[in-house]
2 protein chains.
Amino acid sequence: MPVPNPGHSFDLNQFLPYRLNRLADQLSEQLAHLYESSYSLNIAQWRVLAWLNQHEVLTAKQIREATRMDKARVSRAVQVLVERELISRSPNQEDQRAHHLRLTAAGRALLDQLLPQARDWEASVLSSLTDKERELLLQAMAKLERALGHEGMATSAMR
Amino acid sequence: MPVPNPGHSFDLNQFLPYRLNRLADQLSEQLAHLYESSYSLNIAQWRVLAWLNQHEVLTAKQIREATRMDKARVSRAVQVLVERELISRSPNQEDQRAHHLRLTAAGRALLDQLLPQARDWEASVLSSLTDKERELLLQAMAKLERALGHEGMATSAMR
DNA sequence: CCCAAATGGTTGCACATGAAACCGACCGAG
DNA sequence: CTCGGTCGGTTTCATGTGCAACCATTTGGG
């Protein structure tokens with residue numbers, strides 16, 4: 001065991017960004033193994049598919065806004081998925097710059113397999129919490145996210 | 001607005017790993033801007049420093065265990081910090097493979113500046129939550145982390 | 001004692017990603 | 001109509017990272 005330093009008091013373990021990151025990393029690392037090993041999907045690709053599962057047709061921009069991923073990241077994920085024919089990219093009359101993205105039959109089939117597994121995995125992780133805790137966790141996260149998004153804080157001065 | 005798909009029901013926005021990741025990404029992205037822009041530190045380097053702030057002397061292994069970072073990541077972070085003379089690496093009699101890592105005066109000085117800023121920033125983020133919410137959030141996170149670590153679940157079968 | 005296996009740490013490699021430059025389509029002021 | 005600015009998307013570049021191979025040291029079983 002390392003010897004605590006009597007000097008400054010600052011416990012990284014009590015520091016929210018650090019703790020949250022460690023937890024999120026653990027979660028998505030484990031989940032990523034599922035996507036990756038069984039379906040050769042990385043997280044970005046999974047998110048695109050999951051989002052297309054909820055919306056018949058989308059443009060890259062809409063996916064970018066929904067997932068808050070970088071546009072390059074979305075672009076590359078879409079590219080791979082189109083190559084694998086899990087989604088289709090068709091021209092968009094209203095705007096020739098954008099394309100309509102949709103799930104193909106193959107893409108839908110893949111999700112039919114993957115989604116239940118993802119749900120089960122999530123359930124098994126969440127089973128360590130009570131319903132109440134779960135609810136409060138999501139609520140707190142939503143608040144934090146809004147606070148960060150609004151960006152009114154000291155942050156802006158610090159960048 | 002995209003049209004919801006009447007097909008499968010699976011809302012990525014309700015999916016914990018996704019939500020948690022998004023939040024963690026937002027948090028550490030903003031924080032990383034502080035480290036990076038003002039002190040030219042990346043997150044790995046910051047974690048090494050923060051940990052050394054709490055423990056007079058550590059080996060890379062101890063840092064690796066404490067922060068759950070990959071050993072290569074720790075190694076590279078340490079390398080940069082030694083080059084910048086923010087930490088010192090001295091031989092270790094008990095084991096010639098490992099080294100003793102300590103903050104230098106410069107390193108301590110940097111932390112003296114950085115830590116209060118980090119704390120302020122964290123406080124401003126957390127100010128959107130009540131004390132109760134904060135407490136429950138940390139508690140729920142700890143539970144999840146333990147559940148993930150113990151790894152007893154469906155996960156192992158899925159890897 | 002000695003050698004094989006384990007261990008702390010470093011390095012090479014492949015890959016994912018964000019920022020910024022870029023391209024073609026679109027739009028709006030003149 | 002037209003030309004500059006904006007916008008959707010792609011590509012290039014630099015960087016960070018995990019994994020696996022590797023090196024030197026240490027350890028433990030014969």
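Every chain is numbered from 1, with letters handed out A, B, ... down the list of sequences. As a basis for the values below, the full set of heavy atoms in this structure was taken, side chains included, without hydrogen atoms, waters or symmetry mates.
The phosphate of C/dG9 (OP1 or OP2) has no side-chain N or O of B/Gln79 nearer than 4.0 angstrom. For the pair A/Arg89 and D/dG8, the criterion of a side-chain N or O lying under 4.0 Å from OP1 or OP2 is not met. Contact annotation: A/Ser75 reaches the phosphate of D/dT10 (side-chain N/O to OP1 or OP2, under 4.0 Å). The side chain of A/Gln62 contributes no N or O atom lying less than 4.0 Å from OP1 or OP2 of D/dG8.
The side chain of A/Asp95 lies closest to C/dA25 when the candidates are D/dT26, C/dG9, C/dA25. With D/dT17, D/dC19, C/dA25 as the candidates, the nucleotide lying closest to the side chain of B/Ala44 is D/dT17. The side chain of A/Arg64 has D/dG8 as its nearest neighbour among D/dG8, C/dA16, C/dC26.
Put simply, CZ on B/Arg73 is 18 Å from P on C/dT11, counting in whole angstrom units. In this structure, the CE atom of B/Met69 is 9 Å from the P atom of D/dG18, given to the nearest Å. Between the C1' atom of D/dG9 and the CD1 atom of A/Ile87 lies a distance of 14 Å, rounded to the nearest Å. Atom NE2 in A/His99 sits about 9 Å away from atom C1' in D/dG9, given to the nearest Å. Atom-to-atom, CD of B/Gln93 to P of D/dT25 comes out at 15 Å; the value is rounded to the nearest Å. The CD atom of A/Glu29 sits 15 Å away from the P atom of C/dA16 (whole-angstrom rounding). Atoms CD (A/Glu36) and P (D/dC19) sit 11 Å apart, rounded to a whole Å. Across the protein-nucleic acid pair, A/Leu81 atom CG and C/dA16 atom P stand 12 Å apart, rounded to whole Å.
Side-chain atoms of B/Arg97 and base atoms of C/dT7 include a donor and an acceptor less than 3.5 Å apart. Counting atom types as modelled, B/Lys61 pairs no side-chain N or O with a base atom of C/dG8 as donor and acceptor under 3.5 Å. At a cut-off of 3.5 angstrom, counting only N and O atoms as typed in the model, there is no donor on one side facing an acceptor on the other between the side-chain of B/Arg76 and the base of C/dG9.
Heavy-atom distances to DNA chain C give each of A/Asn92 and A/Asn42 a nearest nucleotide, and the one nearer the 5′ end belongs to A/Asn42. Between A/Asp25 and A/Val78, the residue anchored nearer the 5' end of DNA chain D, judged by the nucleotide with its closest heavy atom, is A/Val78.
Taking 4.5 Å as the limit, some side-chain heavy atom of B/Asn53 sits within range of a side-chain heavy atom of B/Arg108.
For the residue pair A/Gln45 and A/Arg84, no side-chain donor N or O sits within less than 3.5 Å of a side-chain acceptor on the partner. A donor-acceptor pair shorter than 3.5 Å cannot be found between the side chains of A/Asp120 and A/Gln117.
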(request) Just do the salt bridge (Lys or Arg N to Asp or Glu O under 4.0 Å) check on A/Arg134 and A/Asp131 with the steps written out, would you? (result) CA-CA 5 Å; A/Arg134 219 171 298 182; A/Asp131 287 354; 3.5 Å; yes
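One N or O on the side chain of A/Arg19 and one on the backbone of A/Asn13 form a donor-acceptor pair closer than 3.5 Å.
Contact between A/Thr59 and A/Leu101 at its shortest, heavy atoms only, is C-CD1, 4.2 Å.
Residue A/Ala98 is in sugar-phosphate contact alone, with no base atom involved, counting any heavy-atom pair closer than 4.0 Å across all strands shown.
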